[in-house]
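One is the number of the first residue; the rest follow in order along the sequence. Just so it is clear, the values below take in all heavy atoms, side chains as well, and ignore hydrogens, waters and symmetry mates.
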Amino acid sequence: MRNFEEWLSTMRPSINQYDYYVDFNKVYDNVEAIKVELNILNSLIGSKNIEEDIRRLIERYPEVIKCIPTLLAVRQSEIYAQDDDGAFNYNFNKMNYDVDHYIVFMKKTGLLELIANHLINNLVDYCLGIEVGLDSNGRKNRGGHQMEDLVESYLQKAGVEYYKEMYLTEIEDKWGVDLSPISAEGKSTKRWDFVVKTPEKIYVIETNFYGAGGSKLNETSRSYELIAQKMKEVNGVEFIWVTDGGGWKSARKNLSETFDVLETLYNIKDMEEGALNRLFTYGKELNK
């Protein structure tokens, strides 16, 4: 019989993988897309007459303006700016003002000073640094998918038939099962992270990782405890919850209650030790 405290002690403080911190392939691709234009602008570094030089350059190579948002660490192709001289919404895919307006924009944002005063030596290298910084904002999205990706890797290793992000009603329609006990008599539109179909059973799976505590953990644990209880009324369908994270140590009480009623509550260590493989092959072993 599993011991909750021992199980809780194996929770991981973090799930971050090596590629969580910076997606360098994305960084390189983004810079490569504007590399030619950046090198054209490089010709202005240290210019003694920056406004006149950049006017001539933009008139000859208007495509260089598409670099400007990146130089300001902005993802959008349109940038709004205002002051006492008025309000403007600059388009950097296709010029919607004359060249002088764009020069004013670059002057007021400080880009002209950056280029003319030799504060940087190479705009390509400068943009690489900017892209690394911008990509760090994507960590939250990458982090949100890490647990799902990890669980999916174990489903793939198990060699089972599985589906991602499947709605409750889709399961009912596909396999003709009645999930009304957990759907509030058809009112719920619950979507499961994964659904595994074996010859013996359907497994619906929820995954999450909580590095920090908070009220959400208690709410999640209570809701999954209820699902576990209701699922006992459904023939041929089993609920699996895979969770981990140091945040659970501050929400141990509610998690302990769910642990007591849900035998298929797993963490990362459980998966490493083959819990999913054993579960999916158990029915096959019984039928041999």
Closest non-hydrogen atom pair, [X] against [Y]:
X	Y	value
Ile65	Asn91	CD1-O, 4.0 Å
Ile240	Val242	CG2-CG2, 3.9 Å
Trp241	Thr243	NE1-CB, 3.4 Å

Consider only side-chain heavy atoms of I, L, V, M, F, W and Y, link residues closer than 4.5 Å, and tell whether Val237 and Tyr163 are in one cluster.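 Yes; Tyr163 is reachable from Val237 via cluster members.
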
Would you check if the side chain of [X] reaches a backbone N or O of [Y] as a donor-acceptor pair within less than 3.5 Å?
X	Y	answer
Thr207	Met147	no
Thr198	Lys201	yes
Gln146	Gln17	yes
Asn96	Asn89	yes
Asn122	Val124	yes
Ser221	Asn254	yes
Asn93	Ser77	no
Tyr126	Leu71	yes

Going by salt bridge (charged side-chain N to carboxylate O under 4.0 Å, His left out), name the residues that satisfy it together with Asp260, two or more places apart in sequence or in a different chain. none

Less than 4.0 Å between a side-chain N and a carboxylate O, is that true for [Y] and [X]?
X	Y	value
Lys108	Asp83	yes
Arg55	Glu51	no
Arg222	Glu257	no

Of the options Glu170, Glu206, Glu165, which is the one that meets Lys190 in a salt bridge (Lys or Arg N to Asp or Glu O under 4.0 Å)? Glu206

Derivation of the salt bridge (charged side-chain N to carboxylate O under 4.0 Å, His left out) call for Arg2 and Asp270: CA-CA 11 Å; Arg2 297 197 302 171; Asp270 291 326; 3.6 Å; yes

Which word best sums up how the rings of Tyr97 and Tyr102 line up, parallel for under 30°, tilted for 30 to 60°, or perpendicular for over 60°? tilted

More than 12 foreign heavy atoms under 6.0 Å from NZ of Lys107: is that the case here?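 No.
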
Heavy-atom count check: over 12 atoms from other residues, nucleotides or ligands less than 6.0 Å from Asn235 CG?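 No, not enclosed.
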
